[in-house]
Protein chains: 2
Amino acid sequence: MRHKDEHKQKAIIDATVKLVNETGFAAASVAKIAREAGVSPATLYVYYKNKEDLLVSTYVEIKRKFGVAVTREYDPTLPIRDKLARFWRNAFVAIQEEQALFQFSEQFARTPYADLVPPEVMEEYFGPIFDTLREGIRQKIIKDLPIEILSVFMFQPVMQLANPKICAAFGKEPGDVDLAFTLAWDAIKL
Amino acid sequence: MRHKDEHKQKAIIDATVKLVNETGFAAASVAKIAREAGVSPATLYVYYKNKEDLLVSTYVEIKRKFGVAVTREYDPTLPIRDKLARFWRNAFVAIQEEQALFQFSEQFARTPYADLVPPEVMEEYFGPIFDTLREGIRQKIIKDLPIEILSVFMFQPVMQLANPKICAAFGKEPGDVDLAFTLAWDAIKL
DNA sequence: TTCTAAAATAAATGATCATTCATTAAATGT
DNA sequence: ACATTTAATGAATGATCATTTATTTTAGAA
């Protein structure tokens, strides 16, 4: 029995992300991904059922990573605002540190491929955030609106701000992140 | 001299948008677009230099349309808040009315193709919005932050809220839009 | 050391890709 | 009515596509 090479698996994922980011989904062929990863095109089919499986699996794995990063050091004793501030800061740092992964996920999420990912997967990764918003509503600290709407105002901005293509100037100075969080908080607080 | 058929041009654009939305950029081939539009693949090259030109031109045209729609009925005498509220409502209505076009533009904007579009094109279409934010800063009504950051908090949410894939429940009830605008305004106001 | 099972691959498959070219169809100006 | 110009196209191009198959390599079990 021979085992799958985890370095090879990582090389395939890295190559997929790199090629999709640099040339787009349309031009990211199996042959090019394999060449970039330094393996045979056929090897890809040892690790993934087909190309769609490769792309969807890569996306889900990236989202899982970000889910873990954002909910890191979760402290249930903190006040609502501080909990959200930690999520926000974690998200900002995670996106900054893994810009390539984030760019891939943003591109993928707008694609029809995204419909193939079951919604409960995302709910699982980002559950603590939604729970915190619900708790804030119960405590009459946050406006009583649907969670999806609050999420949009709370977390959509950080995804844009951490993207240097959109906001090149943001995040260089200390205090930038906390200031931006205040804007998001002002939007949803009662 | 024979003229180009504007109905044929529209059919090509509509087919491009439809196919990209339904199957993604990766699967939207020239042959399929031509078949959907009811023309020969070669006809496409009468209207566009190549496939890239077709996609980029379609995107720029869509952005132009939205730019016009958002800045419609611009009244320079209105207070800052009312100006922004009108932009916001215009944007919401435009996206709702042309969901297919919006979906295409969102997908395109995340693609490496987007780098081919000169930034001054977008600045031209959405100039009045940026001007209004700058005026708000000068009048000490809006927080003194870079325009890109204020834009993110003011207009990113409406793009998400108007997307039924993300917020299915939003916008059905009268007052939803004005309420949501209040959240965005609370974020950036002083 | 030998056997074995799965990893890894080179090569080949038929389909589909973007684009071009030679030709035809149609609308305009005279 | 005719000549001219360009829109429109069918067919063909070679390249590249995703995937499969037959074969070789390799790591762990016996």
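Throughout, protein chains are lettered first and strands after them, A, B, ... in sequence-line order, and every chain is numbered starting at 1. All values derive from a computational prediction rather than experimental measurement.
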Give each protein N/O atom lying under 3.5 Å from an N/O atom of nucleotides 8-11 of chain C, with the pair distance.
from, atom 1, to, atom 2, distance (Å)
C:dA8, OP2, A:Y47, OH, 2.5
C:dT9, OP2, A:S40, N, 3.4
C:dT9, OP2, A:T43, OG1, 2.2

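Following rounding to the nearest Å, B:Q9 (CD) and D:dT6 (C1') show an atom-to-atom distance of 16 Å. Atom CG in A:N50 sits about 19 Å away from atom P in C:dA15, given to the nearest Å. Regarding B:R35, its CZ atom lies at a distance of 11 Å from the P atom of C:dA18, rounded to whole Å. Between the OH atom of B:Y45 and the P atom of C:dA22 there is a distance of 18 Å, rounded to whole Å. Separating the NZ atom of B:K51 from the P atom of C:dT16 is a distance of 15 Å, rounded to the nearest angstrom. Nucleotide D:dA27 holds its C1' atom 15 Å from the CD atom of A:E6, rounded to whole Å. Rounded to an integer number of Å, the gap from B:Y48 OH to D:dA8 P is 12 Å. The CD atom of A:E52 sits 14 Å away from the C1' atom of D:dT19 (whole-angstrom rounding).
Cation-pi geometry between B:K4 and B:Y47 is satisfied (NZ or CZ under 6.0 Å from the ring centre, within 45° of the ring normal).
Side-chain contact annotation: A:Y48 with A:Q9, donor-acceptor N/O pair under 3.5 Å present.
Residues B:D186 and A:K189 are not paired through a salt bridge, judged by the lack of any N-O separation under 4.0 Å between the basic side chain and the carboxylate. In summary, A:D5 and A:K10 do not engage in a salt bridge, as defined by a charged side-chain N under 4.0 Å from a carboxylate O. With salt bridges taken as basic N to acidic carboxylate O contacts below 4.0 Å, none links A:K65 and A:E61. For the pair A:E124 and A:R64, the salt-bridge criterion is not met [side-chain N within less than 4.0 Å of a carboxylate O].
At C:dC17, one or more side-chain N or O atoms of B:K32 fall inside 4.0 Å of OP1 or OP2 (strictly under the cut-off). For the pair A:S29 and D:dC17, the criterion of a side-chain N or O lying under 4.0 Å from OP1 or OP2 is met.
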